[in-house]
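Have a look at the structure below, then the notes.
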Amino acid sequence: MSKILIIEDEAAIRRVLTKILSEENDTYQVEEAEDGAAGFEKIKNNDYDLVLCDIKMPKMDGVEVLEAVKKIKPEIPIVMISGHGDMETAINTMRLGAFDYISKPPDLNRLLNTVRNALDKKQLVVENKILKKKVSKNYEMIGESEAINHIKVMIEKVAQTEARVLITGPNGTGKELVAHQLHERSERANFPLIEVNCAAIPSELIESELFGHVKGAFTSAVKDRAGKFEAADKGTIFLDEIGDMSLSAQAKVLRALQESMITRVGADKDIKVDVRVVAATNKDLKKEIAEGRFREDLYHRLAVILIKVPSLNDRREDIPMLISYFADKIASEQGNAIKKFSKEAIHLLQEYDWTGNIRELRNVVERLIILGGSEISENDVKLFASK
């Protein structure tokens, strides 16, 4: 059922609107309010999928209702109902966040199309929120060790700033989780987080991938193409394995950081970008600098804040929590019952040398769930988790 509230001080118009909507679709649950103040009280105490609101009303006019609702429930689409003399005000309400406006007397087709479009938008907003929660859950940082708690505190302090962050640590430790947490807790969270694995892109293509290209810039450039920096505008770009980036690409990234400008490959026109850069590497960049493979000036631009992610061997106390998390997640993904791990099995896994870090632990947990008994025993670990 879609809940719709009509706020209108003229009883005859309220009745007409209610009749039209109720007859159009039996899944519309329509409620009424006789003035702005009564309507706002209803909105505060109920969840509506759409509000139709008159502009000129006693006690609280439509503009005041719109502004008040946008502060407490910004996701509700509000369609303004305007009389002939209210058209300029109705247009101004669009700037304040109204979904649309319809004039009195309402045209039937225009009204129903506007209502359908507004409800579709509300549904998209809800679906996006659910999706975002699911994505966010995929990037949870599991653990309560001193090292992980230190990282969580760092993220809370740094996320709301514009400071660039360099994340270091061995492969498989979860550096991308830190990047996602920094983005999700930042003012840029409603804009894209664009991930680039610098190690996975051939050196001759990295500049095109990052900065885009124009048609004819090289043999396969058959049309203009925006790069990752443009795609991340107003959001965050995560440069993973930045230690594998070519020196020429490093120079262009440095310019992007210094001037907030990029140039597509083959173009002579600069493009302004507003991007926060978060980078990660499993390499010792100071050693790379000493050996001439990484630019020192770029390092200092990136490493405003340094976050070091520990290896799993350095946070063994988190292994029981990680096993439980992966067991639940794998059971959910496969549609199976959750398998428990015996204390002895967990203790044995805590003693392993986890050279592959979190990634390796997840693989081992999945293997044990598939091959082990109804409860994963110490013997199962010895049989199926051997290194």
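All heavy atoms count here, side chains included; hydrogens, waters and symmetry mates do not.
- Between the side chain of Asp224 and the main chain of Lys215, a donor-acceptor pair closer than 3.5 Å is present.
- We find that Lys56 and Asp9 are not joined by a salt bridge, their nearest charged nitrogen and carboxylate oxygen being 4.0 Å or further apart.
- The distance from atom CD of Glu207 to atom OG1 of Thr263, rounded to the nearest 0.5 Å, is 11.0 Å.
- At least one side-chain heavy atom of Val381 sits under 4.5 Å from a side-chain heavy atom of Leu368.
- Between Trp354 and Ile319 there is a side-chain heavy-atom pair separated by less than 4.5 Å.
- Under the 3.5 Å distance criterion, the side-chain polar atoms of Lys308 are left unmatched by any main-chain donor or acceptor of Ile151.
- In this structure Asp328 satisfies the salt bridge (charged side-chain N to carboxylate O under 4.0 Å, His left out) test with no other residue, sequence neighbours excluded.
- Counting heavy atoms from C-beta outward, Met141 and Val309 have side chains that stay 4.5 Å or more apart.
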TODO: In sequence, state the C-alpha distance, the side-chain angles, and the governing distance for Arg362 and Glu366, and then conclude on salt bridge (charged side-chain N to carboxylate O under 4.0 Å, His left out).
DONE: CA-CA 6 Å; Arg362 197 233 188 255; Glu366 184 168 12; 2.8 Å; yes

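- His150 and Glu146 are not linked by any side-chain donor-acceptor pair at a separation below 3.5 angstrom, with hydrogens and angles left out of the test.
- One finds the CD1 atom of Ile55 at 5.0 Å from the CE atom of Met80 (value rounded to the nearest 0.5 Å).
- Arg185 has its side chain out of reach of Val158: every pair of non-hydrogen atoms, C-beta onward, lies at least 4.5 Å apart.
- Cluster membership for Leu5 and Phe40, using ILVMFWY side-chain heavy atoms within less than 4.5 angstrom, is shared.
- One distance of note links CG of Asn363 with CD1 of Ile330; it measures 8.5 Å at 0.5 Å rounding.
- Formation of a donor-acceptor pair under 3.5 Å by the Lys228 side chain with backbone atoms of Ile194 is not found in this model.
- Within a 6.0 Å radius of CG in Asp268, other residues, nucleotides and ligands contribute 12 heavy atoms or fewer.
- Checked options Ile201, Leu239, Ile262; the residue passing with Leu210 is Leu239 (criterion: side chain to side chain contact (heavy atoms under 4.5 Å, CB included)).
- With contacts defined as side-chain heavy-atom distances shorter than 4.5 Å, the pair Tyr299/Lys286 qualifies.
- The ring-ring contact (aromatic ring centres under 6.0 Å, His included) pairs that include a residue from residues 206-237 are Phe211-Phe229, His213-Phe218, where partners are two or more places apart or lie in different chains.
- Residues Gly62 and Cys53 approach most closely at CA-SG, 3.8 Å, considering heavy atoms.
- Between the side chain of Arg188 and the backbone N or O of Lys234 there is at least one donor-acceptor pair closer than 3.5 Å.
- At a threshold of 4.5 Å between side-chain heavy atoms, the hydrophobic network of Ile, Leu, Val, Met, Phe, Trp and Tyr places Leu254 and Val265 in two separate groups.
- Membership of the apolar cluster around Val16 extends to Ile4, Ile6, Ile13, Leu17, Ile20, Leu21, Tyr28, Val30, Leu50, Leu52, Val79, Ile81, Phe99, Ile102, Leu108, Leu111, Leu112, Val115, Leu119, as traced through chained side-chain contacts below 4.5 Å between ILVMFWY residues.
- With Lys339 contributing its side chain and Ile369 its backbone, the two residues share a donor-acceptor pair below 3.5 Å.
- In terms of heavy atoms, Gly143 sits closest to Asn149 at O-OD1, 4.2 Å.
- In this structure, the side chain of Arg164 engages the main chain of Leu257 through a donor-acceptor pair within 3.5 Å.
- For the pair Glu162 (side chain) and Arg276 (backbone), a donor-acceptor distance under 3.5 Å is absent.
- Between Arg315 and Pro310, the shortest heavy-atom distance links the atoms CD-CG, 3.8 Å.
- Residues Ser145 and Asp318 bring a donor and an acceptor atom of their side chains to less than 3.5 Å of each other.
- The residues Glu32 and Arg15 are annotated as not salt-bridged, no charged nitrogen and carboxylate oxygen being separated by less than 4.0 angstrom.
- More than 12 non-hydrogen atoms from other residues, nucleotides or ligands lie less than 6.0 angstrom from NZ of Lys42.
- Without hydrogens or angle criteria, Arg316 side chain to Gln350 main chain gives a donor-acceptor distance under 3.5 Å.
- What you find for Glu351 and His347 is that their closest heavy atoms are OE2-NE2, 2.9 Å.
- Checked for salt-bridge contact, Glu144 and Lys152 meet the test: a charged N lies under 4.0 Å from a carboxylate O.
- Distance alone, capped at 3.5 Å, is enough to place a donor-acceptor pair between the Ser342 side chain and the Ile376 backbone.
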Open item on the list: Using salt bridge (charged side-chain N to carboxylate O under 4.0 Å, His left out), reason through Arg110 and Asp100 one step at a time and then give a plain yes or no.
Closed with: CA-CA 11 Å; Arg110 168 112 163 93; Asp100 202 349; 3.2 Å; yes

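- Taking the side chain as every heavy atom from C-beta outward, Leu312 and Leu322 approach each other to under 4.5 Å.
- A donor-acceptor pair is defined here as one N or O able to donate and one able to accept, closer than 3.5 Å; no such pair exists between the side chain of Asp240 and the backbone of Glu176.
- With salt bridges taken as basic N to acidic carboxylate O contacts below 4.0 Å, one links Asp270 and Arg255.
- Counting only heavy atoms from C-beta outward, the side chains of Asp47 and Lys3 never approach each other to under 4.5 Å.
- Using modelled atom types and a 3.5 Å distance limit, the side chains of Asn379 and Ser377 yield no donor-acceptor pair.
- By the rule that hydrophobic residues join a cluster once side-chain heavy atoms approach within less than 4.5 Å of another member, Val165 and Val277 end up as members of separate clusters.
- By the neighbour-count criterion of 12 heavy atoms within 6.0 Å, atom NZ of Lys104 is densely surrounded, having more than that number from other residues, nucleotides or ligands.
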Open item on the list: Show, in sequence, the C-alpha distance, side-chain angles and deciding distance for Arg116 and Glu24, and conclude whether the salt bridge (charged side-chain N to carboxylate O under 4.0 Å, His left out) test is met.
Closed with: CA-CA 11 Å; Arg116 282 192 288 265; Glu24 163 63 15; 2.9 Å; yes

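- The shortest non-hydrogen separation linking Pro192 to Asp233 is CD-O, 4.2 Å.
- Clustering ILVMFWY residues whenever any of their side-chain heavy atoms sit less than 4.5 angstrom apart, transitively, puts Leu298 in a cluster other than the one holding Met261.
- A donor and an acceptor atom, one from each side chain of Asn117 and Thr114, are nowhere located under 3.5 Å apart.
- Summarising the geometry, atom CE belonging to Met154 is positioned 9.0 Å from atom CG belonging to Leu182; distances are rounded to the nearest 0.5 Å.
- The NZ atom of Lys382 sits 10.0 Å away from atom CD of Glu344, with the distance rounded to the nearest 0.5 Å.
- Using a 4.0 Å cut-off between a side-chain N of Lys or Arg and a carboxylate O of Asp or Glu, Lys44 and Glu41 qualify as a salt bridge.
- Note that CD1 of Ile142 and CG of Leu177 are 8.5 Å apart. Values are rounded to the nearest 0.5 Å.
- Contact detail for Ala385 and Arg367: the closest heavy-atom pair is CA-NH1, 3.8 Å.
- A donor atom on one side chain and an acceptor atom on the other are found under 3.5 Å apart for Glu31 and Tyr48.
- Counting only heavy atoms from C-beta outward, the side chains of Arg301 and Arg295 never approach each other to under 4.5 Å.
- Salt bridge present: Lys329 and Glu333 bring a charged side-chain N and a carboxylate O closer than 4.0 Å.
- Hydrophobic clustering (ILVMFWY, side-chain heavy atoms < 4.5 Å, transitive): Leu247 and Phe294 are in distinct clusters.
- Side chains of Asn357 and Asn171: a donor-acceptor N/O pair is absent below 3.5 angstrom, by distance only.
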